[in-house]
Every structure is written in structure tokens, then in C-alpha cells.
Amino acid sequence: QSTWAVLSLALLGTNWLDFLHEAHRILKVGGVLKVAELGSRIVPVLFKLVMHHLGFKTLRVDQISDVFYVLDFRKAARPPPEGPQALKKIDLNDVLKPFHYKKR
């Protein structure tokens, strides 16, 4: 198990929740997950709620210009008991908007 994990623009796919489950699996209790995501995609309040239901405590949320958010989370001893059921009630497309690649 690890004490640190970083997901930098790793949540662009439609299965981004799988990446967060995997980060939770590999982190030790008390381990830190750092997420960097495009500001145009993420709704920080909803993302923090999802992370809470997965068993993470929010440490810090920083907006880096208009382009990025960097969020730090600590793995809790155990997810809240309502976590899996509460996640089903959240529209994940509202949390992270779909990424659309722009050809240049």
C-alpha cells in the first residue's frame, strides 16, 4: 500500500469513478490523494461530496487560474456506511462534465 497517489488529468474517461476506487484501494489509511483536473469540467462541491462517499476527507481545494483545480484528500479509516447508496443518487455527469477533445 502507498501513502501518496496522484491523478493528474487521469479522470478524462467515462470510467473516472473506477480510478478513484483504485486510488482508495491502494492507499494506506491516512494516505493522501492529489487530484488535478480541468476547471471547465469539475464541480468542486459535488466532487468533494463523491470523495466523501468513497471514504476520503477533503484537505485542500486550490483553483490554479481558470484552467485547473488541484484537490487534496486523505483516506479515512473507513468509508461512511451510506457511501455506496449515496453515490447512486448523484448524477456523475454533473460532477465531472464529459471531456470533448478540440482538434486544432
Side-chain angles (χ1 to χ4, degrees):
Q1 289 189 319
S2 182
T3 56
W4 278 88
V6 176
L7 295 174
S8 179
L9 300 177
L11 306 178
L12 295 177
T14 57
N15 64 333
W16 58 268
L17 196 57
D18 294 338
F19 286 79
L20 297 176
H21 281 293
E22 182 65 7
H24 189 274
R25 186 188 71 78
I26 66 166
L27 279 172
K28 293 180 180 179
V29 171
V32 174
L33 172 63
K34 187 173 279 284
V35 176
E37 192 53 63
L38 293 170
S40 61
R41 295 191 61 229
I42 192 168
V43 178
V45 173
L46 292 176
F47 192 79
K48 291 185 331 184
L49 181 62
V50 167
M51 296 303 283
H52 167 74
H53 291 314
L54 290 173
F56 288 97
K57 178 182 181 226
T58 303
L59 298 177
R60 195 164 101 181
V61 176
D62 289 328
Q63 185 173 8
I64 313 297
S65 70
D66 292 334
V67 180
F68 289 103
Y69 274 93
V70 177
L71 305 95
D72 295 347
F73 301 94
R74 182 173 311 282
K75 181 179 175 178
R78 56 178 68 97
E82 76 281 359
Q85 292 302 329
L87 272 179
K88 291 178 184 176
K89 297 177 184 176
I90 299 172
D91 183 351
L92 298 178
N93 288 323
D94 291 339
V95 178
L96 274 178
K97 295 175 179 75
F99 177 74
H100 299 287
Y101 179 75
K102 296 177 186 175
K103 277 192 169 185
R104 296 181 184 194

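Excluded from the calculations below are hydrogen atoms, water molecules and symmetry mates; all remaining heavy atoms, backbone and side chain alike, are included. Quick caveat: nothing in here was measured; it's all calculated off a predicted structure.
- Taken from CG in N15 to CD in E22, the straight-line distance is 11.5 Å, to the nearest 0.5 Å.
- Distance check, rounded to the nearest 0.5 Å: CG of L54 to NE2 of H21 gives 5.0 Å.
- To the nearest 0.5 Å, the span separating CZ on F47 from CG on L20 amounts to 5.0 Å.
- L12 places a side-chain heavy atom less than 4.5 Å from the side chain of E37.
- A distance of 12.5 Å separates CG in D18 from CZ in R25, rounded to the nearest 0.5 Å.
- Placement of V43 and L96 within a single hydrophobic cluster is found when ILVMFWY residues are connected by side-chain heavy-atom separations under 4.5 Å, directly or transitively.
- Summarising the local packing, CG of D94 is surrounded by more than 12 heavy atoms from other residues, nucleotides or ligands at distances under 6.0 Å.
- Side chains of L17 and V50 form a contact here, defined as non-hydrogen atoms less than 4.5 Å apart.
- Summarising the geometry, atom OG1 belonging to T3 is positioned 10.0 Å from atom CZ belonging to R74; distances are rounded to the nearest 0.5 Å.
- Taking every heavy atom of both residues into account, A23 and F56 meet most closely at C-CZ, 4.4 Å.
- Under the 4.5 Å side-chain heavy-atom criterion for Ile, Leu, Val, Met, Phe, Trp and Tyr, I26 and V6 are members of distinct hydrophobic clusters.
- Paired with R60 under the rule side-chain contact (heavy atoms from CB on, under 4.5 Å), one option of V32, D72, V70 passes, and it is D72.
- Taking each heavy atom of V29 and A77 in turn, the nearest pair found is CG1-CA, 3.7 Å.
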Legend entry - Trace of the side-chain contact (heavy atoms from CB on, under 4.5 Å) decision for L71 with I42: CA-CA 11 Å; L71 305 95; I42 192 168; 3.9 Å; yes

Inset, instruction - Output, in order, the C-alpha distance, side-chain angles, deciding distance and verdict of side-chain contact (heavy atoms from CB on, under 4.5 Å) for E82 and Q85. - result: CA-CA 6 Å; E82 76 281 359; Q85 292 302 329; 5.6 Å; no

Inset, instruction - Would you check, one step at a time, whether the test side-chain contact (heavy atoms from CB on, under 4.5 Å) holds for F68 with L38? - result: CA-CA 5 Å; F68 289 103; L38 293 170; 3.9 Å; yes

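- In this structure, the side chains of L7 and K34 stay at 4.5 Å or more apart for every pair of heavy atoms.
- Remark: K97 NZ is packed, more than 12 non-hydrogen atoms of other residues, nucleotides or ligands lying under 6.0 Å away.
- If you take CH2 on W4 and NZ on K28, they are separated by 14.0 Å, rounding to the nearest 0.5 Å.
- Across all non-hydrogen atoms, the minimal contact from P84 to P80 is CD-O, 4.3 Å.
- The shortest distance between side-chain heavy atoms of L33 and H24 does not fall below 4.5 Å.
- Tracing side-chain contacts under 4.5 Å through hydrophobic residues (I, L, V, M, F, W, Y), one reaches L92 starting from Y69; they form part of the same cluster.
- Hydrophobic clustering, with ILVMFWY side chains joined whenever heavy atoms are under 4.5 angstrom apart, keeps V45 apart from I90.
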